[in-house]
Amino acid sequence: MTLILDPDEPAGWREAQPAASGGHSGPRLTDGLNPEQREAVEYRGPALLIVAGAGSGKTRVLTHRIASLIESREAWPSQILAITFTNKAAAEMRERVEALLGEGASGMWISTFHSACVRILRREAETIGMSSTFTIYDSADQRTILKRIIKELDADTMGFTPASAQSKISKLKNELADVETYARNANTNDPQEVMFLEIFRQYTRRLRAASAFDFDDLIAETVYLFRAFPKVAALYQRRFRHILVDEYQDTNHAQYSLIHELTRAVPREIVAELDQHGILVRGLTDASGSIPGASLTVVGDSDQSIYAFRGADIRNISEFERDFPGARVVLLEQNYRSTQNILSAANAVISNNFDRKEKKLWTADGDGDKITGYTGYTAHDEAQFIADEIESLHRDGTAYRDIAVFYRTNAQTRALEEIFVRSALPYRVVGGTKFYERAEIKDAMAYLIAVANPVDELALRRILNTPKRGIGPATETALASFAEQNDLTFRQAMRAADGLGLGPKVTAAISALANVLDEAAAMLVPSAEGIEARTNVGAAKVSDVLVFLMERSGLLDALRNSRDPQDETRAENVEELVAQTRDFDRENPGATLVDFLTQVSLVAAADELDDASGTVSLMTLHTAKGLEYHAVFLTGIEEGLLPHQMSASEPGGPAEERRLFYVGITRARKRLYLSLAMSRAQFGEVAVAMPSRYLQEIPEGLIDWRQSPGMATSRGGTQPRALNARRDGGAWGTRDRDLERFSVTKAAKPKTEWANRVTGTVRDNGDLTLAAGDRIRHTDFGDGKVTQVTGEGTKRIAHVSFDTAGQKKLLIKIAPIEKL
């Protein structure tokens, strides 16, 4: 009789059943698997690397491998540790194994890295001097503690913020560097480093005093536990005989080290000690008396390693065979998701990366439709094309929920959201906040609102200490009380701040802000000529007012100079808002600040559209990993966006950006669209956009290029008009000349001669009612007939058949239409 240790059993162990002869799973578990999948399920050895291409059925292989180990009685469920990166993936894997085995699967450890470590640490907490009821601090808790520490140390005067300190501490912990390790290597002559060391030290002390771990501690402390207490490690090394890790290319150094600790052999002397303590080891030892390391199976794809910014190390998978000599490698290349045209494009792009295991994805499902390429004049033109194509796909039977739009940066959503709302397309921004709901955009808009409407106290309170001016809640309350007692507005109280006795520094800060707002308001006053003509002649443009406010308030500088890496993105978003106001000024000559605020509020208020078939998903390429859709739109395929300008000059940056493009391509099942613009507003300026270098890597015959009609032509229409279409012989030599022709400095505004051009007009139609059969006139689309009206209240949508522009859906509340 062989006894197997099972810490979940009250007695500590239970009887093992004999393994099935040959150690292979029965035919039921390998039915329907291709030869490579079957090999991955049936292989038995110390180490197995499954290189699973996108859509190659890796989850099926993992679950069938686990099921085969249990069904063949080579392992108890409790001897299996399967690690995934998300709770959703863990739940799916558990459900699939239970569907194959029924109740026989109970007792497995299928969890995330963090969940597995929590279970271990709760059991072994006393060994490292912690309570088993330790608290786990989330990101908000961490920032609260760091905020207090930074305030007590006056570290904010040196540029430290809770977010920047949290980011650096997290990075160190993921490299297994604790505060003492950092102290040994710190440069004590650098005041910044000395201050950070003190922040790190106090943070560590406070967590320890509170018997708390943060998320990064969970893995790091487990590794420390195993290294400091080999006998404790031995209990888990002997228990888990089969360890399986999904998404191995995304592991960081701490996670990699944890796997190595768990797969170490247990030395003979520790085995003997375990035996003396009544922990049965019979049947697990080899001829030398040691317990061999657990069998390790890792699944991943170096071509989908896109999380270097989170600490993921691609070397963990690319050097797996060096770390585990003799490891078997199985390539899964047959794809069950995409058409061959999509896969051929993905293969061609990723083949330009070096230091990767060569593989070619293929499918038995045929070539499918060609990829559609589109070159718009502007980002709005690009967005309108996407909206029109989505409507076409929807009319042909594709549900909105089966369509996704991907982009490299969150700032790109602005044009997409604007056009989607105007086109009455239901959408949701996945894994992010909608453009107008982002804190930094709300801050910038609050400045504009405070200028346009001086009695808006909410806007004034929002910007009073944004960016930080040393004006605290007590001062804000004092201002509000003074205003109420003296029958003044909050803005008037700010102007009279020197009479409140608040102290010279705070008083100066309040007065300076009040002066900035007054100066901005003065910019909006029209000239005498304009007043007589009842126009806005002589008044500053909306974009000029916003730029003035952002510069004089210091908001943009505060974001740009922040040590928080996320503030760089926030600054880009504010600059994108500046670009939007410039578009507004150009498209609406003579329009006022109130007109702009009205347009934004209408767009923002009407963007929660619903539809019986779901919503179109908008997300970054990083968020898209692991998902799949019937139709995928990859937008902004331009230099500076993909590859992103921040990554293009970094070592390994272009290769990771190419992997990001590859991930985006391989999310599409049947239809793939690649789009770019000839000019794009970035950092507040309109500039010529260059096609991405990655477009050149896709074979010419795979893409059907389209482009804007009208003036967006090349060589009088005798050759492909897309800027990135290949010229004779595949050369791209004429690209620069074409770009020069379309430079926005040559023509401030293109001739918009095509039917689906983007309108710059939004209006409030009040209670306008439309019914089927009504004739309407649209500012851009001309005359048309209403075929049906759907939705309620402010979300009423008119379905219109235009005489020249075809079928459109319009949000009645804001569409530039009139009833004929």
Side-chain angles (χ1 to χ4, degrees), residues 53-56 301 303-304 306 335-352 360-376 382-383 385-394 396-408 412 416 427 430 616-638 641-642 657-677 691-707 720 722 724-726:
S56 61
D301 180 6
D303 292 339
Q304 296 184 67
I306 58 173
N335 179 283
Y336 295 92
R337 176 190 299 157
S338 307
T339 64
Q340 190 59 54
N341 279 337
I342 292 170
L343 296 178
S344 296
N347 288 334
V349 167
I350 204 64
S351 65
N352 290 276
K360 292 285 185 186
L361 297 179
W362 62 277
T363 181
D365 295 339
D367 290 343
D369 293 327
K370 278 191 175 186
I371 297 165
T372 300
Y374 180 79
T375 307
E382 178 191 37
F385 164 75
I386 292 167
D388 289 345
E389 285 297 313
I390 289 173
E391 271 305 325
S392 176
L393 287 166
H394 187 58
D396 292 341
T398 304
Y400 286 131
R401 63 174 173 270
D402 292 329
I403 302 171
V405 182
F406 301 154
Y407 39 81
R408 179 62 178 85
Q412 290 169 253
L416 290 164
Y427 75 93
V430 181
V616 178
S617 296
L618 274 62
M619 70 190 79
T620 64
L621 282 164
H622 282 100
T623 304
K625 187 163 178 291
L627 304 176
E628 59 179 78
Y629 294 89
H630 174 88
V632 164
F633 291 81
L634 271 173
T635 67
I637 314 297
E638 303 153 18
L641 282 178
L642 194 72
E657 293 286 303
R658 186 179 281 110
R659 291 194 291 272
L660 203 52
F661 188 36
Y662 172 84
V663 164
I665 291 171
T666 53
R667 300 309 96 197
R669 291 200 292 266
K670 301 296 182 186
R671 299 296 303 273
L672 176 64
Y673 297 80
L674 304 178
S675 64
L676 65 155
S692 170
R693 67 192 76 174
Y694 303 142
L695 284 173
Q696 302 178 58
E697 298 168 358
I698 299 176
E700 185 177 355
L702 296 179
I703 305 181
D704 174 23
W705 280 106
R706 302 186 207 169
Q707 54 284 311
N724 46 322
R726 293 167 188 266

Counting only N and O atoms by type, is there a donor-acceptor contact under 3.5 Å from the side chain of [X] to the main-chain atoms of [Y]?
X	Y	answer
T398	H394	no
Q340	T363	yes
N347	L361	yes

What distance separates [X] [atom1] from [Y] [atom2], expressed to the nearest 0.5 Å?
X	Y	atom1	atom2	result
L695	L676	CG	CG	6.5 Å
W362	S56	CH2	OG	11.5 Å
T375	I637	OG1	CD1	11.0 Å
D301	R659	CG	CZ	10.0 Å
T372	L672	OG1	CG	8.0 Å
L642	R658	CG	CZ	10.0 Å

Considering all heavy atoms, the nearest [X]-[Y] contact:
X	Y	result
S338	L343	CB-CD2, 3.8 Å
I703	L674	CD1-CD1, 4.1 Å
G636	E382	N-OE2, 3.0 Å
I665	A346	CG2-CB, 3.9 Å
G664	V632	O-CG1, 4.0 Å
L641	R408	O-CG, 2.9 Å

message: I'd like to know whether Y374 forms a side-chain contact (heavy atoms from CB on, under 4.5 Å) with E389, so could you lay out the CA-CA distance, the side-chain angles of the two residues, the decisive distance to 0.1 Å, and finally the verdict.
response: CA-CA 11 Å; Y374 180 79; E389 285 297 313; over 6 Å; no
message: Parallel, tilted or perpendicular: which one describes the rings of F633 and F385, with boundaries at 30° and 60°?
response: perpendicular
- request: Would you please classify the geometry between the F406 ring and the Y629 ring as parallel, tilted or perpendicular, with 30° and 60° separating the classes?
  value: perpendicular
message: For R667, give me all partners under salt bridge (Lys or Arg N to Asp or Glu O under 4.0 Å), at least two apart in sequence or on another chain.
response: none
- prompt: With K625, which residues qualify under salt bridge (Lys or Arg N to Asp or Glu O under 4.0 Å), at least two apart?
  reply: E247, D250
Run the side chain to side chain contact (heavy atoms under 4.5 Å, CB included) test against [X] and tell me which residues pass, sequence neighbours left out.
X	value
K370	N341, D704
S392	R395, D396
T620	Y407, N410, H622, T623

query: salt bridge (charged side-chain N to carboxylate O under 4.0 Å, His left out): which pairs involve residues 335-344, sequence neighbours left out?
result: R337-E628
Pairwise side-chain contact, [X] with [Y], heavy-atom cut-off 4.5 Å (strictly under):
X	Y	answer
L634	L621	yes
Y427	I403	no
D367	T339	no
S617	V405	no

task: Decide yes or no on side-chain contact (heavy atoms from CB on, under 4.5 Å) for T666 and I342, but give the supporting numbers first.
output: CA-CA 7 Å; T666 53; I342 292 170; 5.7 Å; no
Electrostatic pair R671-D369, nearest N-O below 4.0 angstrom: yes
task: May I ask you to decide whether E638 forms a salt bridge with R693, counting only side-chain N to carboxylate O separations under 4.0 Å?
output: no
message: Using the rule given for side-chain contact (heavy atoms from CB on, under 4.5 Å), can you reason through D402 versus R669, listing the C-alpha separation, both sets of side-chain angles and the distance that settles it, and then say yes or no?
response: CA-CA 10 Å; D402 292 329; R669 291 200 292 266; 4.1 Å; yes
- prompt: Do E391 and Y400 get their side chains close enough for a donor-acceptor pair, meaning under 3.5 Å?
  reply: yes
